[in-house]
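Working notes, structure below.
Predicted model, so just to flag it, every value in this text is computed and none were measured. For the numbers below, each heavy atom of this structure counts, side chains included, while hydrogens, waters and symmetry mates do not.
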Amino acid sequence: MEKYLIVTDTTSAMDQEIAQKNGIELISLSVIVDGHEYKDQIDISTKQLYDYLRDGKIPSTSQPNTGYLVEQMEKWQEEDYEAIIIITCSADLSGTNNGFHLAKDTVGLDNVYIYDSRQVGAPIMDMAICAKQLADEGKTVDEIFATLEEKTNHSFSFLYPDNFKQLSHSGRLSPMAARMASMLKIKALLCLDEQGKAVDKYTMARTEVKILKSIVDKFHELGVNAKQHKIYISHADNEIFAKKAKLLFQTTFHGIDVEINYLPAVLTCHGGLACCAIHTTYKI
């Protein structure tokens with residue numbers, strides 16, 4: 001059996017515990033709070049990030065610096081892997097994918113294969129775990145990439161912010177629009193476009209029930225079913241909504257596997273506390 005290393009980053013909603021359990025190398029994005037830089041899931045935990053938000057801090061994220069990535073690749077180089085497969089967040093939403101390419105060229109590794117998932121959040125974690133399973137089964141790099149592409153083409157992601165405060169701070173929404181939406185008590189449902197290039201408005205509604213109905217209707221349109229799909233619900237300290245949504249999806253799509261986890265820092269910094277992401281992924 002060939003010796004493969006599977007790598008992803010913390011935009012995947014994966015933490016160190018999940019990564020170690022599945023034999024995956026996890027690379028940290030940077031979380032910046034009050035000018036201080038922390039490595040996500042190493043120097044700062046998800047719950048610590050929530051505490052900063054509660055204290056009125058305005059954290060942001062940035063891609064891993066090139067020096068950190070070069071250091072990691074030099075370490076992997078010593079392990080004599082047949083192939084190193086790196087699965088990243090959408091290259092149009094983060095510079096992390098480009099950062100890996102720069103580090104690869106700097107170190108001069110020709111056995112590094114970088115896959116742009118065109119996704120963000122739990123679908124990337126799903127892909128990384130699948131890639132590791134396929135590698136352990138002896139699949140080739142081309143076979144693994146073909147499977148990842150199949151997963152990418154059948155994934156769909158929603159983002160449901162509890163309020164518009166953090167979206168305004170992050171520049172995703174103008175302050176005026178945020179104030180108007182809050183005054184009118186309008187709820188927004190955002191989605192990742194099919195090319196993974198941008199997060200756009202999907203619909204607006206006055207109630208959470210209507211937001212959930214819009215998600216269910218879209219999943220029906222996509223042909224989501226228990227045999228072929230899995231749903232991830234990632235939340236930023238909003239377990240009540242996550243459990244409510246899980247019950248609805250399991251009732252609507254009889255027997256479907258629904259996993260609840262924490263929203264990654266990159267989405268929490270944009271969506272804010274209580275924000276939730278709902279993803280459907282394709283089983284292989």
Strictly distance-based, threshold 3.5 Å: is any side-chain N or O of [X] a donor or acceptor partner for the main-chain N or O of [Y]?
X: S28; Y: D40; result: yes
X: T280; Y: S155; result: no
X: S90; Y: G196; result: yes
X: K210; Y: K187; result: no

Rounded at 0.5 Å granularity, tell me how far NZ in K246 sits from CD1 in I278. 14.0 Å

Hey, what do you get for CD1 (I32) to CD1 (I58), rounding to the nearest 0.5 Å? 13.5 Å

Test: D126 and K151 ion pair at under 4.0 Å: yes

Within residues 72-126 or reaching into it, pairs that qualify as ring-ring contact (aromatic ring centres under 6.0 Å, His included) - sequence neighbours excluded: Y115-F145

Validation: residues 219-226 side-chain donor-acceptor distances under 3.5 Å, sequence neighbours left out:
unit_1, atom_1, unit_2, atom_2, d
E221, OE2, K218, NZ, 3.2
N225, OD1, K227, N, 3.1
N225, OD1, Q228, N, 2.9
N225, ND2, G223, O, 3.0
N225, ND2, Q228, OE1, 2.9

For the residue pair T11 / D9, report whether a side-chain donor-acceptor contact shorter than 3.5 Å exists. yes

I'd like to know if [Y] and [X] are part of one continuous hydrophobic network [Ile/Leu/Val/Met/Phe/Trp/Tyr, side-chain heavy atoms within less than 4.5 Å].
X: I85; Y: V7; value: no
X: Y68; Y: I86; value: yes
X: F249; Y: L189; value: yes

Measure up the F241 and Y160 rings against each other and bin them: parallel (under 30°), tilted (30 to 60°), perpendicular (over 60°). tilted

For K197, all residues meeting salt bridge (Lys or Arg N to Asp or Glu O under 4.0 Å), sequence neighbours excluded: D92

Is there a side-chain contact between M14 and I24 in this structure, where contact means two heavy atoms from C-beta onward sitting under 4.5 Å apart? yes

